[in-house]
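Step one of this worksheet: look at the structure below.
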Amino acid sequence: MKEDIIRSRKEKLERLKLKGIPPYPLSYHRTHTNEQVVNMILEGKEDLPQVRVSGRVMAHRNMGKVSFIDLVDGSQKIQLYVKKEHLSEESGEVIECLDLGDIIGAEGRPFLTRTKEPSIDTSEIIMLAKSLQPLPEKWHGLADTEKRYRQRYLDIISNPEVKDIFKKRSQIVSSVRRHLDERGFLEVETQILQPIAGGASARPFITYYNALDQNFYLRIALELHLKRLIVAGYDRVYELGRVFRNEGIDTRHNPEFTMLECYQAYADYHDMMQLVEEMVSDIVREINHSYQIEFAGRLIDFEPPWKRLDLRQALIDYAGIDFLAYPDANSLKQEMMTRGFEVDPQKSRGKLLDELLSRFVEPELWQPTFLLDYPKDMSPLAKAKPDDPQIVERFESFAGCLEIANAFTELNDPLEQRERFLEQLKEVTAEEQGDGRIDEDFLNALEHGMPPTGGLGIGIDRLVMLATNQQSIREVILFPQLKEKG
RNA sequence: GGGCCGUUAGCUCAGGUGGUAGAGCACCUGACUUUUAAUCAGGGUGUCGUGGGUUCGAGUCCCGCACGGCCUACCA
């Protein structure tokens, strides 16, 4: 059946060639996008000029001497009104050989039909690219998730709402850049292939670097190189780019994802909090024309100011545990076990606290919320509060129960930083940390003096999920990785 | 890693208790000069994901495998 369709289309292709009509001409210069023409028509002016438009044929309603074509370009749909006796001989031939999915150009006069549909009274139709494969069904589109991801082009052709998500993703990324550029941040690009994958604790992807004859890692964070640039004297830097974590895939995690990190010298986490609040709420409003958006069936209001929640108090409120009462991993483990939790004996205190957070606190954080002041065990790169050495100046932002930002006042004491790295190494396997080495050059940079600095990371994919009401991260990634079929 | 679910025509989906595989869209033929999920008349369609098993007989029951989805676990 599919073979029959393809054969019939190839026959039409041959027929075009026999008539001397190129099925894949070199170029076509349109005068307007479909959107521009539709707007012209809706403005209601008389005597509109001839226009040339283009796009993919998405529907063809044949009425005999007249037919209607839905033509979709990158902007939107426009209807072609085709009166066959008014077409040139060549255009008539093209209509005869037309299939859904073909890319065509059309020339004619814009007008409004009886039913008020903006249309073009077409005098010329030009084949721009003959399509050989049948499109998915027009009404339901493409629904099979696997096929949608494997052949995203079909998904985007047949599901306009998917096309819209990725337009919005692009707008969000532009907007992030605009917000930071306006504040005087310098956009930089740092290395993706690294001899040591630092700045986070996650298992890295390994690759082999032929020219250097050595194993390298794909970066798991942007942090350490951006701070080197703060040392170098760029006061405000950011990088927006892909990072790679060789971990599980689920609806909130994808091994390669897009991260924004920015660092501002002579600032602290309060400044970063203000930046997140302004930038994210602006972006939400730009994309949805409102601070209030729907996510996962709930209404979320991004209008500043957002809720501030002390982490220690949040754990007391939601989990019933005051971590100050359990100063080491063992006592915390004991307490968790007496409450009937299954506790991994390998886990450090930081990881146990993290578990409590994700289990009891995060599922409550629907409205935009800053969770403030983390235990030092969980945050090896953040600076301790002056009045409490066990707590660091760090916050994470949540909305829709998704973590969207992580920021702290950066630790710039090189000696303490070395201590923290050594602490961290104890609780992390070599496999998790790349080759388990400390980034000596980063420490060396700190030893030359890094100004007091505020740093911020935002998971762009999750921000897009929120702004477009998508519950799976793969719905905001154009080409999610799938296993090859065996 | 564990659990549940899915895989049938190009696409979206139906196929109680096992008995010759269905619909809509798309496609092909014809009618129709403002339609828009156009309409009307006619036409044909498949490795039922894959490999075994049970059975006279398997899309359907059983076991394995592949791919995918959701949940869970892991994961700064």
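Just so you know, these numbers come straight off a predicted model, no measurement behind them. All chains are named by letter (A, B, ...) in the order of the sequence lines, taking the proteins before the strands, and each is independently numbered beginning at 1. Note that these values count all heavy atoms, side chains included, but never hydrogens, waters or copies made by symmetry.
Looking at heavy-atom distances under 4.0 Å, A:S67 makes no contact with the nucleic acid at all. A:D144 comes within 4.0 angstrom of the backbone, heavy atoms only, and of no base. A:E396 comes within contact range of no nucleotide atom at all, as no heavy-atom separation falls under 4.0 Å. Across all strands shown, A:D4 has no heavy atoms under 4.0 Å from either base or sugar-phosphate atoms. A:R7 comes within 4.0 angstrom of no nucleic acid atom, judged by non-hydrogen atoms across all strands. Contacts of A:K347 with the nucleic acid, taken as non-hydrogen atoms under 4.0 Å apart, involve only primed sugar atoms and P, OP1 or OP2.
Contact between the side-chain N/O atoms of A:K138 and the OP1/OP2 oxygens of B:C11 is not found at any separation under 4.0 Å. Dashed line: the shortest gap from a side-chain N or O of A:K84 to OP1 or OP2 of B:U33 is not under 4.0 Å. Between A:K483 and B:A66 there is no side-chain polar atom (N or O) within less than 4.0 angstrom of OP1 or OP2. Contact between the side-chain N/O atoms of A:K12 and the OP1/OP2 oxygens of B:C28 is found at a separation under 4.0 Å. For the OP1/OP2 pair of B:C70 and a distance below 4.0 Å, the side-chain nitrogens and oxygens of A:R474 include at least one atom meeting the criterion. Regarding contacts with the backbone of B:G44, every side-chain N or O of A:K2 stays at 4.0 angstrom or more from both OP1 and OP2. Of the side-chain N and O atoms in A:T145, none sit less than 4.0 angstrom from OP1 or OP2 of B:G68.
Between A:P136 and A:T115, it is A:P136 whose nearest contact on RNA chain B lies nearer the 5' terminus. Along RNA chain B, the nucleotide nearest A:A143 and the nucleotide nearest A:K65 are compared for position; the residue whose nucleotide lies closer to the 5' end is A:A143.
Between A:D328 and A:R349, none of the side-chain N atoms (NZ, or NE/NH1/NH2) sits under 4.0 Å from a carboxylate O, so this pair counts as no salt bridge. In summary, A:D354 and A:R359 do not engage in a salt bridge, as defined by a charged side-chain N under 4.0 Å from a carboxylate O.
Residue A:R61 places a side-chain atom within donor-acceptor reach of the base of B:U35, judged by atom type and a 3.5 Å distance cut-off alone. For a distance-only test at 3.5 Å, the side chain of A:H253 qualifies as a donor-acceptor partner of the base of B:C75. Residue-to-nucleotide contacts include a donor-acceptor pair under 3.5 Å from the side chain of A:T113 to the base of B:U35. With hydrogens and angles ignored, no donor-acceptor pair closer than 3.5 Å exists between the side chain of A:E146 and the base of B:U7.
The neighbour count for A:E294 CD, taken as heavy atoms of other residues, nucleotides or ligands under 6.0 Å away, is above 12.
A donor-acceptor contact under 3.5 angstrom links the side chains of A:E396 and A:Y374, judged on distance only.
Separation of the A:F395 and A:F370 ring centroids falls under the 6.0 Å cut-off.
One C1' atom belongs to B:A58, the other to B:U20, and the distance between them is 13 Å to the nearest Å.
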